[in-house]
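Throughout, a chain's letter reflects where its sequence line sits, starting with A, and its residues are numbered from 1.
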Amino acid sequence: MAADSLATAMTNPPPGIPDKPTLDGIETALMQRWETDGVYRFDRTAGREHVFSIDTPPPTVSGSLHIGHVFSYTHTDTIARFQRMRGKAVFYPIGWDDNGLATERRVQNFTGVRCDPSLALNPDFAAPFHGDVPKDHRAIPVSRPDFVELCREITHLDEQSFEHLFRRLGLSVDWSLLYTTIGDRARRISQRAFLRNLARGEAYQQDAPTLYDIDERTAVAQAEMEDRDVPGAYHKLAFHRVGVGPDTDTDTDTGTESGDLWIDTTRPELLASCVAMVAHPDDERYQPMFGTTVRTPLFDVEVPVLAHRLADPDKGTGMAMICTFGDITDVTWWRELNLPTRALIGFDGRFSNETPEWITSPAGQEHYRQIAGLAPKQAQRRTVELLVESGEMLGDARPISHPVKFYERGTRPLEIVATRQWYIRNGGRDAVLRTELLERGSELAWHPPYMQHRYDNWVGGLNGDWLISRQRFFGVPIPVWYRLDAEANVRYDEVLVPTETELPIDPSVDCPNGFTAGQRGAPNGFIGDPDVMDTWATSSLTPQIAGAWEDDPALFANVFPMDMRPQGHDIIRTWLFATIVRGHHEHGGVPWRNASLSGWVLDPDRKKMSKSKGNVVTPIGLLEQYGTDGVRYWAASGRPGVDTAVDEGQMKVGRKLALKILNVTKFVLGFGEPDSGAAATAPLDQAMLSRLDSVVKGCTTAFEGFDYARALEHVEGFFWWFCDDYVELVKARAYGTHDDAGAQSARAALRTALSALQRLFAPFMPFVTDEVWGWWQHGSVHAAAWPTATGLAIDHPSIDHVAAIEPVGEVLALVRRAKTEAKLSQRAAVDRLVVRGPAAALAAIEAARDDLRSAGSIDVVEHEPAGTLTCEIILAPMPDPPPAPAG
RNA sequence: GGGCGCAUAGCUCAGUUGGUUAGAGCGCUUCCCUUACAAGGAAGAUGUCGGGGGUUCGAAUCCCUCUGCGCCCACCA
């Protein structure tokens, strides 16, 4: 390979070497050239076995530009470039994840509007603000179509700045493959996949208790929840045993000896929703009471006392009240104990205004009126006041800190509300499917391998199917309608679906087949599903979207299943898992062969970056200061899967390396071209190439295993040795100061190594390598072939070339040290060098004698046999010091 | 409570199936304007490989155990 490109260079020399090489301005020029020449364009004509396809993560454009983008996308880019140079047609798309709640919130904050789906479209609507919304602005209601249009406008702006950054990173993506998750193709594919899930029974709707964000007014999925420690308080409440007088002995903990039953609760406001009491079946304190009933404080509702294994005798009094619904355990109890539903918190997050029918006593009804319409926090305060008044709360509330479920982007705790939602089966309720999905996880090659534990852990711990419907607006609509009966009631069991050729559709605008627009909402007519799909329900189809599933069967067949899914380890439970679920249902296999997990970027103090901490590092300034290549060098030094701190020191090293590549190229090319057919014949030159062979092998193996960092380590280690020792040793000979044969050998070896080095560095430092490649080669280095072994080691298997060069380097270092210790210039002359050592070492020294003499300014080199390698260095007498300056 | 990862020089980290004297960069010290590079070069100092135990001719590496840090999951009355 090296010889081929060398030959090309010699027959047809390119423009040449600048007098003063610089990194300034090369990025802009090269980016333009790559685009013009289509260097990264996917070759559709390549067969599947020649394709390397990548399921690039589509960044959320509503988020800020983050150094984390630079980090992980660089990792993938190095792999893409390696595969391309190895001759693969690399399918490296890019997409913008623009649909979803994150975008809606950004638009709300950026323009001061809020979507009100009950409003009709206003053709004259204009956003009241544009990026500078006053803090006390009032959310201006807009219609759903107006809101969606605003979202499109703002995401378009965001996408432009993302594209700017991503181009600046030198990513070798094929920009002609750009997609967005709200675009026509994504909507079509997302809806098509959903309809097929529906047809096969993998998607279903269910009216069930659902975790619900009362601020965003939408259901959320298990994967989007997180625990936060928040302050709360235990309140000890008295439930009254039926047929037993009120408790007078307030010392007792449980009240079981008296007429009252005491419980501890953190959510006294849910008292009106209480449906039962529960304790552990083995709890002897309460065993006599199982099967009896008690009356709730304040509301005087009769509820049964039951036993269930999930009740913890050590928590509170050991007895709990079950409400519909305070937490997930309540849902379990409600389901397993067949309890009634007494839900009071509605979609608006407030207690129902209607007094519920299960509160029958006049006093209880009056108490309820005190909390009707309140939000949970206010309702709690009022309830506690009422309990204190009635004497049914024992002592003061005892403050605690406890974990509470939040939507990961939410600000108030999730409530549990019974609603009709759409689900996709993900094994959370089906052991067989769960096993199959765990099996899919094992079919993947994980890089690094231990990341598979996180997948297994998550899939094994699922406790429900995947809730995909969201009561939001800027997303892919759930593509179904429902029949209305003669009274215009919705018949959710009569689902109307479009044909696949109609997709994408918006059921709030389009009509089902056989109906007219006038029948929308009318008796015996239809109504569209108002919800959109969870953003993961669409991004779980990125392989299908990027590969144009069903839209372009030839392309899809050539890229799917993809070779590589790169992503962060924090979204294994969401993006990675969801994509496997969809691939399993639709294609009966894994959507990719390799999953490559990147770590997070930590701030320089090794803390996780987050917007709230304000320690997010933006990349633009760093790119300007150290150059893209310098920043990419830092990124590529982060091992796969390992969280890595922002380290400007490493970027500085990267920039230094880029400069060194520039300078050494100029130097080596400056020796002139070797004659046609010249080869490395000198032992030192062959030894260097032999070492290069092993570097090429090491680099290639590392890249094949997705370990870009190790590949970089290999080439970088060799490169500095090459510059510091090898080039120093042979430069005089290469200039032609010895003899022509030696010069030809050195020049051939230098150019062979230079060519290989530039290509080995190309995946990491795409700009500087392409710049220097252009000085003496044709085309882009990124379209050049990945180096292969030069073959010298195979031609002379009996010679240990690497061992032949080590003693020479060692002696050179000893000479340098002697000069440094004598406080002399490295150019100072050595009168005589006596090398003592083993025969093999002395032979190596002898073979490189002239190179050593030139590099060390040594007059006479002698050697004597000895056990270990030592040197006697006789420096030339110091010249007379210059006369001291007068004064 | 379960799982995963990490602990090596002042700092950031390599160290692959156990194998000579444990490495790199940054930082620090010294020297050198040397015609590829002074935004550079040459050299130098710095280590109980977290603690303890075990296997082995030999352990940073394998096993057990303890400690500390980080992450994920579970628990949420």
Peer 1: In whole Å, measure the gap between the P atoms of C37(B) and C31(B) for me.
Peer 2: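 It works out to 23 Å between them.
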Peer 1: Distance criterion of 3.5 Å, no angle test: do you see the side chain of Glu728(A) paired donor-to-acceptor with the base of A36(B)?
Peer 2: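 Per atom types, the contact qualifies.
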Peer 1: Does a side-chain N or O from Thr820(A) land closer than 4.0 Å to OP1 or OP2 of U30(B), or not?
Peer 2: no
Peer 1: With no hydrogens and no angle check, is any side-chain donor or acceptor of Ser857(A) less than 3.5 Å from a backbone partner on Arg853(A)?
Peer 2: no
Peer 1: For RNA chain B, produce a single dot-bracket line, 5' to 3'. Pairs: Watson-Crick or G-U wobble, both distances under 3.5 Å. Symbols: ( ) within strand, [ ] crossing, | other strand, . unpaired.
Peer 2: (((((((..((((.....[...)))).(((((.......))))).....(((((..]....))))))))))))....
Peer 1: Let's see if you can work this out: which of C76(B), G41(B), G5(B) has an atom nearest to the side-chain heavy atoms of Thr329(A)?
Peer 2: C76(B)
Peer 1: Using OP1 and OP2 only, check whether a side-chain N or O of Arg573(A) sits under 4.0 Å from C73(B).
Peer 2: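 Checking Arg573(A) against C73(B): at least one side-chain N or O falls below 4.0 Å of OP1 or OP2.
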Peer 1: Ignoring hydrogens and angles, does a donor from either the side chain of Asp227(A) or the base of C75(B) sit under 3.5 Å from an acceptor on the other?
Peer 2: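 Checked by distance alone, the answer is yes.
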Peer 1: When you get a sec, tell me which of A43(B), C73(B), A14(B) is the closest nucleotide to the side chain of Arg816(A)?
Peer 2: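 Nearest nucleotide to the side chain: A43(B).
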Peer 1: Ignoring backbone atoms, test whether Arg710(A) places a side-chain nitrogen or oxygen under 4.0 Å from the OP1 or OP2 oxygen of G15(B).
Peer 2: yes
Peer 1: Closest nucleotide of RNA chain B for Lys819(A) versus for Ile400(A): which of these residues is on the 5' side?
Peer 2: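 Of the two residues, Lys819(A) wins.
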Peer 1: Heavy atoms from C-beta onward define the side chain here; which of A36(B), A77(B), A39(B) lies closest to that of Asn663(A)?
Peer 2: A36(B)
Peer 1: Rounded to whole angstrom, note down the C1' distance from U46(B) over to C11(B).
Peer 2: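 Going atom to atom, C1' in each nucleotide, I get 13 Å.
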Peer 1: Given the P atoms of A22(B) and A38(B), what is the spacing between them in whole Å?
Peer 2: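 Taking atom P in both A22(B) and A38(B), they lie 37 Å apart.
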Peer 1: Could you check which of C76(B), A77(B), G3(B) has an atom nearest any side-chain atom of Asn457(A)?
Peer 2: G3(B)
Peer 1: Looking at G41(B), U12(B), U16(B), which one has an atom nearest to any side-chain atom of Lys656(A)?
Peer 2: G41(B)
Peer 1: If the P atom of C28(B) is compared with that of A74(B), how far apart are they to the nearest Å?
Peer 2: 48 Å
Peer 1: Using atom C1' in both nucleotides, what's the gap between G47(B) and G23(B) to the nearest angstrom?
Peer 2: 11 Å
Peer 1: Can you check whether Thr266(A) has a side-chain N or O nearer than 4.0 Å to OP1 or OP2 of A77(B)?
Peer 2: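 Answer is yes, contact under 4.0 Å.
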Peer 1: G44(B), OP1 or OP2 - any side-chain N/O from Arg817(A) closer than 4.0 Å?
Peer 2: yes
Peer 1: C1' atom, U61(B) versus U55(B): distance in rounded Å?
Peer 2: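 Taking atom C1' in both U61(B) and U55(B), they lie 13 Å apart.
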Peer 1: Is any side-chain nitrogen or oxygen of Gln222(A) closer than 4.0 Å to OP1 or OP2 of A74(B)?
Peer 2: yes
Peer 1: Checking contacts here: which listed nucleotide (A77(B), A43(B), C26(B)) is nearest the side-chain heavy atoms of Val653(A)?
Peer 2: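 When the side chain of Val653(A) is considered, C26(B) is the closest of A77(B), A43(B), C26(B).
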Peer 1: So Tyr735(A), base contact, sugar-phosphate only, or nothing? Heavy-atom distance under 4.0 Å.
Peer 2: sugar-phosphate
Peer 1: Can you tell which of C76(B), A77(B), C32(B) lies closest to the side chain of Pro403(A)?
Peer 2: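 In terms of side-chain proximity for Pro403(A), the closest of C76(B), A77(B), C32(B) is C76(B).
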Peer 1: For Asp314(A) and Arg639(A), take the nucleotide of RNA chain B holding the closest heavy atom to each; which residue's nucleotide lies nearer the 5' end?
Peer 2: Arg639(A)
Peer 1: Is His402(A) near enough to A77(B) that one of its side-chain N or O atoms lies under 4.0 angstrom from OP1 or OP2?
Peer 2: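 Indeed, a polar side-chain atom of His402(A) lies that close.
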Peer 1: Could you check whether Ala828(A) gets within reach of a base, just the sugar-phosphate, or nothing at all, counting any heavy atom under 4.0 Å?
Peer 2: nothing
Peer 1: Over 60° means perpendicular and under 30° means parallel, so classify the ring planes of Trp773(A) and Trp776(A), tilted if in between.
Peer 2: perpendicular
